[in-house]
Amino acid sequence: MRDTVIVSLIAVCTALAIHGARAQERFDDWAPLTDPFPSTGGGGIMIHDYDPVVASGKCTTRFRAIEPDGTTYHNLIEFEASETQGGVLCSKGQWRSADGSASGTTPFRVFIKDNVKRGSPQ
């Protein structure tokens, strides 16, 4: 019985250690943003001119979303900015079209450190 308790305790501790190791993302490992890059919404849409700036606790940028046929949409996005891992994580993005006709959210995140902007894996 005692051996079973010890083995169970070791198993629980190991599981917690593994979970804790995976829970901490390493934002420095994300690839630098390219211009353009594929939209998280898919459909072959490419995102151009994405250059987030941090000010007043927010990350913001204007950008263009361009469909494969060349149709272009002008947009703005605002993220919450939080300091972490020696840089700024831009998350919980809310975008809107420049003309106000469309809006939404994105799972995409940006990490800015030492003037390098990195995009979350898709």
Side-chain angles (χ1 to χ4, degrees):
M1 176 73 170
R2 181 174 173 220
D3 290 339
T4 303
V5 171
I6 290 173
V7 169
S8 295
L9 182 59
I10 291 171
V12 168
C13 290
T14 301
L16 289 173
I18 290 169
H19 175 72
R22 283 189 301 202
Q24 182 67 33
E25 280 186 273
R26 293 179 42 93
F27 304 125
D28 282 324
D29 291 344
W30 292 357
L33 277 179
T34 58
D35 189 16
F37 64 89
S39 169
T40 58
I45 295 173
M46 298 298 288
I47 304 300
H48 294 254
D49 309 323
Y50 210 82
D51 190 23
V53 174
V54 179
S56 303
K58 301 285 182 188
C59 303
T60 59
T61 188
R62 295 178 180 272
F63 67 96
R64 294 179 296 138
I66 302 178
E67 291 188 12
D69 69 1
T71 302
T72 300
Y73 304 94
H74 295 270
N75 300 291
L76 306 97
I77 191 163
E78 181 177 280
F79 295 93
E80 291 181 12
S82 57
E83 292 185 22
T84 185
Q85 298 180 25
V88 175
L89 178 64
C90 306
S91 60
K92 300 179 184 173
Q94 297 186 337
W95 63 269
R96 65 178 172 83
S97 61
D99 67 6
S101 65
S103 64
T105 61
T106 178
F108 189 68
R109 296 172 293 158
V110 176
F111 181 64
I112 305 170
K113 181 178 177 182
D114 300 329
N115 293 318
V116 176
K117 296 170 183 174
R118 299 176 180 280
S120 59
Q122 297 194 26

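The residues of the chain are indexed from 1 along the displayed sequence. Small disclaimer: the values here were computed from a predicted structure and weren't measured.
Under the 4.5 angstrom side-chain criterion for Ile, Leu, Val, Met, Phe, Trp and Tyr, the cluster partners of F27 are W30, L89, F111.
Applying the side chain to side chain donor-acceptor pair (under 3.5 Å) test to pairs two or more places apart or on separate chains, none has a residue in residues 77-87. Contacts classified as salt bridge (Lys or Arg N to Asp or Glu O under 4.0 Å) and involving residues 32-47 (residues at least two apart or in different chains) are not found.
E67 is linked by a side-chain hydrogen bond (donor to acceptor under 3.5 Å, both in side chains) to Y73, counting only residues two or more places apart in sequence or in another chain.
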What donor-acceptor contacts under 3.5 angstrom involve side-chain atoms of residues 41-63, with partners at least two apart or in another chain?
{"residue": "D49", "atom": "OD2", "partner": "R64", "partner atom": "NE", "Å": "2.5"}
{"residue": "D49", "atom": "OD2", "partner": "R64", "partner atom": "NH2", "Å": "3.1"}
{"residue": "D51", "atom": "OD1", "partner": "K117", "partner atom": "NZ", "Å": "2.5"}
{"residue": "T61", "atom": "OG1", "partner": "D51", "partner atom": "N", "Å": "3.1"}
{"residue": "T61", "atom": "OG1", "partner": "D51", "partner atom": "O", "Å": "3.3"}

Going by atom type alone, with no hydrogens or angles, which donor-acceptor pairs under 3.5 Å involve a side-chain atom of residues 95-107 and a protein atom two or more places apart or on another chain?
{"residue": "S97", "atom": "OG", "partner": "D99", "partner atom": "OD1", "Å": "2.8"}
{"residue": "S97", "atom": "OG", "partner": "G100", "partner atom": "N", "Å": "3.3"}
{"residue": "S97", "atom": "OG", "partner": "S101", "partner atom": "N", "Å": "2.9"}
{"residue": "S97", "atom": "OG", "partner": "S101", "partner atom": "OG", "Å": "3.4"}
{"residue": "S97", "atom": "OG", "partner": "A102", "partner atom": "N", "Å": "2.9"}
{"residue": "S97", "atom": "OG", "partner": "A102", "partner atom": "O", "Å": "3.4"}
{"residue": "D99", "atom": "OD1", "partner": "S101", "partner atom": "N", "Å": "2.9"}
{"residue": "D99", "atom": "OD1", "partner": "S101", "partner atom": "OG", "Å": "2.7"}
{"residue": "D99", "atom": "OD2", "partner": "S101", "partner atom": "OG", "Å": "3.4"}
{"residue": "T106", "atom": "OG1", "partner": "T40", "partner atom": "OG1", "Å": "3.4"}
{"residue": "T106", "atom": "OG1", "partner": "F108", "partner atom": "N", "Å": "3.0"}

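Scanning both residues, G87 and K113, for their nearest heavy atoms gives CA-CB, 4.1 Å.
With hydrophobic clusters built from ILVMFWY side chains whose heavy atoms lie under 4.5 angstrom apart, L76 does not share a cluster with I112.
Counting heavy atoms of neighbouring residues, nucleotides and ligands inside a 6.0 Å radius, atom CG of D69 exceeds 12 of them.
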